[in-house]
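Every heavy atom of this structure was used, including side-chain atoms; hydrogens, water molecules and symmetry mates were not.
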Amino acid sequence: MMTRPLIVALLGTLIANAPDVQADRSKKKRAQVTQEDEGDDEVESPKVTSKKKLAGRDKAEKAERAEKAEKAEKAEKAEKKAAASSKKRVAVTDDDDGDGPEARSAVAVELDDLIDSAIRQAPDLARAKVAKLEAKGQAKASRRDMRWVLTGKANYANTATSEDVEVAPFSEVANQELTTSVGLGRNLPTGGNITFELGVKQNIREIAIPGDLLAQVKRDPVNAAQQGVDEVQLLDEPFPINQAYAVAKFTQPLLRGGPSVATIPHQKADLAHAEATVRTQMAAEKLIREIVVQYWELAFAAYEVDIRSESLALARKQDQVTREEIRARTKAMNELNAVTYEIMSRSEQLLAAKTEYERRSLELRNKSGLGLERREVVMRPSVAFEIGKDEWDIEETRERAHKQNRNLAAIALQRRAALLDVKVAENNKLPSLDFTASAGIVGSGTNVGQAMDNAGGADGYQVSVGLTMSIDVGSGAARGASTAAQARRAKVEIDRLEQERLLDTDVARAVKAVTSARARVGLADKAIEVAEENIRAERANWAANTPGATNYSVVNRQNDLIQAKLRRGKAIMEYHVAVAELQALSGQLLEQYEVRVRARPDR
């Protein structure tokens, strides 16, 4: 009968002394925390024998949960602040043993500056510019046959018969001829040519005079003159004849090589120059597109370094909070395992991200011609890592691409050149029929001055007109050349149709990529918000010892946030890459970055 009152009394005493017991436990915890700070990490959780229904313990647990919630909120604010500050700088390796990347600092770079440097130094573009300059020179040289040409000629000829040879009376036995002339002429766009020529011809002839006639003239020159025999002409010495002339000559093909094909070589040279210019622009477009793509890949690499640094900071913060809970005897020692593993894993991911970032920086420096000196300094894009607001319509972009795409422009120039080849080949199958005409004035005299005076007075003239015709007989060369030209034109036409189909496909794909990337960024933003809320909820559950809430679940929610941010960054990068491709396909890339292709290696 005495047992029940005794138990009630003891229970009342225990309840009355509950605050003192709680204070003693707090002292023991502080002592154990002090011992842990001195290096003793082996902590044994004491067995709790008091009941949760006791009023004092219930209040203590509520206060403890409130304190943990407050700590979690402060930790979350600190993490957000650390994440915001980490975005403003590039995280560099903290490896002391030198096994990590070389980079120790970063410098912001503008995309326009990289493009400007690459345009001045890129070997492929320099070669394309040289080819363009060569084509320009050849286009000018092709018109050389259309220039006015001034010519000068001098010719001396001497023909004589030996004295031992008997010749007929009054025949020519010696002839000396000296001809000098000045001419001016040019080929005509009609395929013909015209020439103007001024000349003087001096002719000294020796005639075989019979001896008896010569003796008679010498004996009775008056009688010889009355008989019509000029004493001067019968002298036993050579006598000169001088002649001055001015002649215009004209030649015009009527069939083969006529006006329809005369200027085709010039047209083809111009087309080759235009194509070389387009090829140079294509080389510049390719270079700029590669730099733009590498620039945004570098931006994503820098962004990933920031995200990985932020994720490592989150893991380390969770490790710190876990250790505080373990010291407070509210968490088991094995809670550190998940966080420790995650810290090691995220450190490895950060190191890999830094290495990739440095590699991207070196590749971009090499492409833009900046050299590989100062490898300890990496480049960081200075633009905001966000998507743009430009909208792209497939049909509108496709129409613009068909008008301005430089691949199509180059093929169009090739097609025009092939059509000219066909025209020439068809013309060569015709017979040759040339019209010639010449007209001039002539004057003769005993000396040059007299001859020129007589020519100026139009004392004599000469006129000639003619036709010359030739036909290829038994040769299929012209037909073979025509067949080959037709085949080349058909091949270029096939290339054009194929390029148009590829262009339509690439435009549709790039526009879809832009649209998809924009949508993915929006979805990633929502996923980031949800992931952040999940982290807060999971951390609160973990702090409140909710069943199933462990460090594994907390770090998994953190990983969800990290992956969502990385997906957002990748979508931003792919958006800008797709925009650059659309600008190249539609022929707007050079205008976008204000690049002008010239013969000189400047911008």
Has the side chain of S586 got a donor or acceptor atom that lies under 3.5 Å from a matching backbone atom of A401?
no

Least distance between heavy atoms, L287 atom then A118 atom
CD2-O, 3.6 Å

Is the backbone of D525 close enough, under 3.5 Å, to the side chain of K565 for a donor and an acceptor to pair up by distance?
no

Could you please spell out the steps behind the side chain to side chain donor-acceptor pair (under 3.5 Å) verdict for T322 and E335?
CA-CA 7 Å; T322 302; E335 287 281 346; 5.9 Å; no

Close side-chain approach of E581 to R509, heavy-atom, < 4.5 Å
yes

Scanning both residues in full, the closest heavy-atom pair of D393 with T397 reads O-OG1, 2.6 Å

Non-neighbouring partners of K570 that pass salt bridge (charged side-chain N to carboxylate O under 4.0 Å, His left out), sequence neighbours left out:
none

Does any non-hydrogen side-chain atom of R398 lie less than 4.5 Å from one of V511?
no

Is any side-chain heavy atom of Y357 closer than 4.5 Å to a side-chain heavy atom of D306?
no

If you look only at distance, which donor and acceptor atoms sit under 3.5 Å apart when one is on a side chain in residues 294-302 and the other is two or more places apart or in another chain?
residue	atom	partner	partner atom	Å
Y295	OH	V109	O	3.0
Y295	OH	S382	N	3.2
E297	OE1	R360	NH1	2.8

Side-chain contact test, heavy atoms from C-beta onward, threshold under 4.5 Å: evaluate it for E532 versus L561 and give yes or no.
yes

Contact summary for L271 and R416, nearest pair of heavy atoms
CD2-CZ, 3.6 Å

Could you tell me if the side chain of Y303 sits less than 4.5 Å from the side chain of I572, heavy atoms only?
no

Heavy atoms only: give me the nearest A517-A571 pair and the separation to one decimal.
CB-O, 3.4 Å

I'd like to check the side chain to side chain donor-acceptor pair (under 3.5 Å) partners of N337; sequence neighbours left out, ordered by chain and number.
none

Check the pair E500, R496 against salt bridge (Lys or Arg N to Asp or Glu O under 4.0 Å), reporting the backbone distance first and the verdict last.
CA-CA 6 Å; E500 286 182 350; R496 182 185 66 82; 2.9 Å; yes

Partners meeting salt bridge (charged side-chain N to carboxylate O under 4.0 Å, His left out) with D495 (sequence neighbours left out):
K491

Where the side chain of R557 meets the backbone of R539, is there a donor-acceptor pair that is under 3.5 Å apart?
no

Residues in salt bridge (charged side-chain N to carboxylate O under 4.0 Å, His left out) with E396, at least two apart?
R400

Does the distance from a Lys or Arg side-chain N to an Asp or Glu carboxylate O, for K403 and E399, drop under 4.0 Å?
no

How would you list, by chain and number, every residue that makes a side chain to side chain donor-acceptor pair (under 3.5 Å) with R520, sequence neighbours excluded?
E574

Sequence neighbours left out, what passes side chain to side chain donor-acceptor pair (under 3.5 Å) with D421? Give chain and number order.
K268

Sequence neighbours left out, what passes side-chain contact (heavy atoms from CB on, under 4.5 Å) with A338? Give chain and number order.
N551, Y552

Tell me every residue that passes side-chain contact (heavy atoms from CB on, under 4.5 Å) with Q320, counting only those two or more places apart in sequence or in another chain.
K317, E324

Is the side chain of S311 donor-acceptor paired with the backbone N or O of R308 at a distance under 3.5 Å, no angle test?
yes

Sidechain N-carboxylate O distance under 4.0 Å for K129, E134:
no

Taking the six-membered ring of W392 as reference, does the cationic atom of K512 (NZ for Lys, CZ for Arg) lie under 6.0 Å from its centre and within 45° of its axis?
no

Intermediate values then yes/no, side chain to side chain contact (heavy atoms under 4.5 Å, CB included), I307 and I562
CA-CA 7 Å; I307 298 303; I562 295 166; 3.9 Å; yes

Any side-chain heavy atom of K140 within less than 4.5 Å of one from K136?
yes

Heavy-atom pair of closest approach, residues S347 and R316:
OG-NH2, 4.5 Å

Say whether, by atom type as modelled, one donor and one acceptor occur between the side chain of T280 and the main chain of A128 under 3.5 angstrom.
yes

Between A315 and V339 the two heavy atoms that sit nearest each other are O-CG1, 3.3 Å

Is there a donor-acceptor pair under 3.5 Å between the side chain of H402 and the backbone N or O of L408?
no

Charged N to carboxylate O below 4.0 Å: is that the case for R359 and E363?
yes

Main-chain N/O of A537 paired with N541 side-chain donor or acceptor, under 3.5 Å
yes

If the condition is side-chain contact (heavy atoms from CB on, under 4.5 Å), which residues does A139 pass it with, not counting sequence neighbours?
A269, D270, H273

With sequence neighbours left out, what residues match E533 under salt bridge (charged side-chain N to carboxylate O under 4.0 Å, His left out)?
R536

Would Q404 and Q588 satisfy side chain to side chain donor-acceptor pair (under 3.5 Å), going step by step from the backbone distance to the final call?
CA-CA 8 Å; Q404 302 181 18; Q588 303 178 68; 5.6 Å; no

Any side-chain heavy-atom pair from W542 and Q318 closer than 4.5 angstrom?
yes

With distance as the sole criterion, is a donor-acceptor pair present between the side chains of S553 and E538 under 3.5 Å?
yes

Salt bridge or not for E342 and R346, using N-O below 4.0 Å?
yes

For the side chain of T340 and the backbone of L336, is there at least one donor-acceptor N/O pair under 3.5 Å apart?
yes

Nearest-0.5 Å distance that lies between atom CD1 in I119 and atom CG in D112:
11.0 Å

With a 4.5 Å cut-off on side-chain heavy atoms, are E498 and E493 touching?
no

Pairing residues for R406 by the side-chain contact (heavy atoms from CB on, under 4.5 Å) criterion, not counting sequence neighbours:
V278, Q281, M282, E285, L590, E591

